[in-house]
Chemist: 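To start, I am sharing the structure in question, which I have written as C-alpha cells.
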Number of protein chains: 2
Amino acid sequence: MPPASRTTPHPRPMRADARRNYDRILAAAAEAIAEHGAEASLEEIARRAGVGSATLHRHFPSRQKLLEAVFHDKVEVLCATAAELAADPDPGHALATWLGAVARHVVSNRGLATSLMLGAHDSDPAVGATCHAMITNAGANLLDRACRANTARPDVSITDLLTLVNAICLAVEQEPDGAAQVDRLLTLMLTGVRPAGETANRRR
Amino acid sequence: MPPASRTTPHPRPMRADARRNYDRILAAAAEAIAEHGAEASLEEIARRAGVGSATLHRHFPSRQKLLEAVFHDKVEVLCATAAELAADPDPGHALATWLGAVARHVVSNRGLATSLMLGAHDSDPAVGATCHAMITNAGANLLDRACRANTARPDVSITDLLTLVNAICLAVEQEPDGAAQVDRLLTLMLTGVRPAGETANRRR
DNA sequence: GTACGATATGGAGGGCCACCCCGTTTTGCA
DNA sequence: TGCAAAACGGGGTGGCCCTCCATATCGTAC
C-alpha cells in the first residue's frame, strides 16, 4: 500500500524515484522475509534493494509497517475469499474453510502471522487498513452467519478464532513438518478434544 | 540444573567459584526475564550477576540453555502436579486441570513458553532433562488415562495439546488482558467451536 | 530547454548487543 | 605450600537498528 499512489490522488503524489525505491524495498523485503522470517535484518533488506538504510526507514518507520505493506496483497486475497464464501449455503462450512485458508496463507508466508496479530494495539487505530483490521472485518461476517445458523457458539469472537489460528501457525512455524501439523491442530481446535465416538490412528 | 552438582558425583564436581557464579547468573537471569521477557539482554544478566559476559556464555552456551535452567524448577512443579492429578478419579477433568495449570505457569512466567517449545529440536536428544521432554512425559500419562476413559479423542497427542496451550499463551502474551483471554481460549479449545446448545454473552 | 525549490537519498556514526580470544586469577589437591 | 588445571573477565569483532545532514535528483514554471 503505497502511501500515495499514482491512481488515488493524495496530498503529494509521491515522486518517481521515491516510488521506485519503495517498490524495490518491498520486493527485497518479500524475499528476505521468505528466507529468514519476520525477523529478517532490515539492513540486509536495504542492501538487497540497493538503497541506504535511511531510505528504508523513511518509507517504513517500523518493522510492523513494512510487514503490513509486504503482506497487504495476500491479505486482500483472503478478504476476497471471505466475500466469496459469504455466499456459501453452509455458513459453518464456509467459516471453517476460510479459517483453513487463513492458516494456509500464514504457514506459507513466514511473518504473516506476526503481521496479522501485531498492529492490533500499537498502530494508529484510525487506519483501518492494517492487516489486522482488514482480516478481522472480513472474518466477522462469516462468523456472524455461522453463529446465526447455530454452527458456531455465540460466545466466540472472530478475534478469538483468528488468535487461535495464528497461535497454531506461530507455534508450528519452526516445526519441520509444519503444514501437516497445522491441519490437524486446526481441525482439533474446531471440533474440540472432547470425545466424539469415532476413532483414528494415534500420532507421535 | 547445575551440570555437576555437589550431591550427585559427576565426572568433575564443579569448582566452588564456578558453582557460585552459576547460581548468581541463574538468579540474575530470573530477575531479568521477569522484567523483560525471554529476550532479556544476556549482557545485562551478566552485569547483574557481577560476572563477565564470557562466564555467562561458558555456563550457558545458548539462550535456550539458560531459559531451561531458569525454568527448571517451575517445570518440576508442573510435573509434580501431573503426578498428583494422575490419582484423580476423573481423568478428563484431571487432564483439563493440568493443562490449565500449565497455561497459568506459562502466562505468569514470561519466556516459559519459549523454553517449553524450543529444545524439542535443537537440543541434544540424549538429554531427557530439557523442559520440553519433562513436560511431555508428565502430560503423556494424563492424556493416556483420559483417552482410555474415553474423555479424550485417541487421535490427539500430548504434543498437540501442549503445542496448543503454548500457542495460546504465546499469542496472548502481548495482549493487555492476557490471563483472562487464556482461560477463554483454552476452554474454547477444549470444547471446540461447534454448537453446544448453551448460550453465553458475546465478547469483543 | 533551463533554472530552482522541494523532495528524496545514503553514508557515516552512535548506541546496543551476542559471542569469542586469550592473558590473568582462583581453586583444590598433593 | 606449590602447582597444574580450571575458571574468569576485559576487550575486540561484527552485526543490528536508527538518526543526521550534506548531497543528488526530480518536477515544474518559465
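All values below were derived from every heavy atom in this structure, side-chain atoms included, with hydrogens, water molecules and symmetry-related copies excluded. Order of the sequence lines fixes the chain letters, A, B, ..., with proteins taken first and strands second; residue numbering starts at 1 for each chain. What you see is a predicted model, and the numbers here were worked out from it, not measured in a lab.
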Chemist: Per the side-chain hydrogen bond (donor to acceptor under 3.5 Å, both in side chains) rule, which among B/H72, B/Q64, B/K65 passes with B/E68?
Modeler: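 So, applying the side-chain hydrogen bond (donor to acceptor under 3.5 Å, both in side chains) to B/E68 and each of B/H72, B/Q64, B/K65, only B/Q64 qualifies.
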Chemist: I want to check one thing: is the phosphate of D/dC18, taken as OP1 and OP2, less than 4.0 Å away from some side-chain N or O of A/S53?
Modeler: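 The answer is no; no side-chain N or O of A/S53 sits under 4.0 Å from OP1 or OP2.
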Chemist: Rounded off to whole Å, could you give me the CG-to-P distance for the B/L42 and D/dG9 pair?
Modeler: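 Distance, rounded to whole Å: 16 Å.
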Chemist: When the distance from CZ of B/R19 to P of C/dG28 is rounded to whole Å, what number comes out?
Modeler: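 Going from B/R19 (CZ) to C/dG28 (P), I get 12 Å.
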Chemist: Under 4.0 Å between a side-chain N or O of B/T55 and OP1 or OP2 of D/dG9?
Modeler: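 Affirmative; the distance criterion is met.
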Chemist: Regarding A/R48 and A/E35, does a basic nitrogen lie under 4.0 Å from an acidic carboxylate oxygen?
Modeler: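 A salt bridge is present here (some side-chain N lies under 4.0 Å from a carboxylate O).
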Chemist: Without decimals, in angstroms, what is the distance between A/K65 NZ and D/dC18 P?
Modeler: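 That distance rounds to 13 Å.
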Chemist: Would you say the base of D/dA6 and the side-chain of B/R15 have a donor-acceptor pair closer than 3.5 Å?
Modeler: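 Between D/dA6 and B/R15, which were checked side chain against base, a qualifying N/O pair under 3.5 Å is present.
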Chemist: I want to verify a distance call: between C/dC17, C/dG28, D/dC26, whose nearest atom is closest to the B/A16 side chain?
Modeler: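 Per side-chain heavy atoms of B/A16, the pick is C/dG28.
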Chemist: Report the residue (B/R58 or A/H57) whose heavy-atom-nearest nucleotide on DNA chain D is the more 5′ of the two.
Modeler: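 Its nearest nucleotide being more 5', the pick is B/R58.
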Chemist: Ignoring hydrogens and angles, tell me if any N or O in the side chain of A/W98 forms a donor-acceptor pair with the backbone of A/L78 under 3.5 Å.
Modeler: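 Looks like yes, one N/O pair under 3.5 Å.
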Chemist: Think A/H59 has a side-chain N or O under 4.0 angstrom from the OP1 or OP2 of C/dA8?
Modeler: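 So the side chain of A/H59 is outside the cut-off, no N or O lying under 4.0 Å from OP1 or OP2 of C/dA8.
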Chemist: So, is B/N21 close to the D/dC8 phosphate, meaning a side-chain N or O under 4.0 Å from OP1 or OP2?
Modeler: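 Result: yes.
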Chemist: Would you mind telling me which residue lines up with the more 5' stretch of DNA chain C, B/D17 or B/P61, judged by nearest nucleotide?
Modeler: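 The residue closer to the strand's 5' end, by nearest nucleotide, is B/P61.
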Chemist: Under 4.0 angstrom, heavy atoms only, what part of the nucleic acid is A/A54 near: base, sugar-phosphate, or nothing?
Modeler: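 The residue A/A54 makes base contact.
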Chemist: Taking only Lys NZ, Arg NE, NH1 and NH2, and the carboxylate oxygens of Asp or Glu, determine whether A/R110 and A/E39 approach each other closer than 4.0 Å.
Modeler: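 Between A/E39 and A/R110 there is no salt bridge, as every charged N stays at least 4.0 Å from the carboxylate O atoms.
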Chemist: Output the rounded distance in Å from CD (A/E43) to C1' (C/dG11).
Modeler: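 Atom CD in A/E43 sits about 11 Å away from atom C1' in C/dG11.
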Chemist: D/dC18 P sits how many Å from A/I45 CD1, rounded?
Modeler: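 From A/I45 CD1 to D/dC18 P: 11 Å.
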Chemist: Can you tell me the distance, in whole Å, between the CG atom of B/D23 and the P atom of D/dC8?
Modeler: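 After rounding, the gap between these two atoms is 11 Å.
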Chemist: Counting the atoms with a prime plus P, OP1 and OP2 as sugar-phosphate, which does A/S41 contact under 4.0 Å by heavy atoms, base, sugar-phosphate, or nothing?
Modeler: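 Sugar-phosphate: the residue A/S41, judged by heavy atoms under 4.0 Å, touches backbone atoms but no base.
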Chemist: Whole Å only: how far is the CZ atom of A/F60 from the P atom of C/dT9?
Modeler: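 Nearest whole value for this atom pair: 11 Å.
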Chemist: Between B/R19, B/R15, B/R20, which is the residue that forms a salt bridge (charged side-chain N to carboxylate O under 4.0 Å, His left out) with B/D17?
Modeler: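 That would be B/R15.
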Chemist: Identify, between B/E44 and B/R20, the residue whose nearest nucleotide on DNA chain C lies closer to the 5' end.
Modeler: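 Between the two, 5'-proximity favours B/E44.
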Chemist: Rounding to a whole Å, what distance do you find between A/L56:CG and C/dA8:P?
Modeler: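 These atoms are roughly 15 Å apart.
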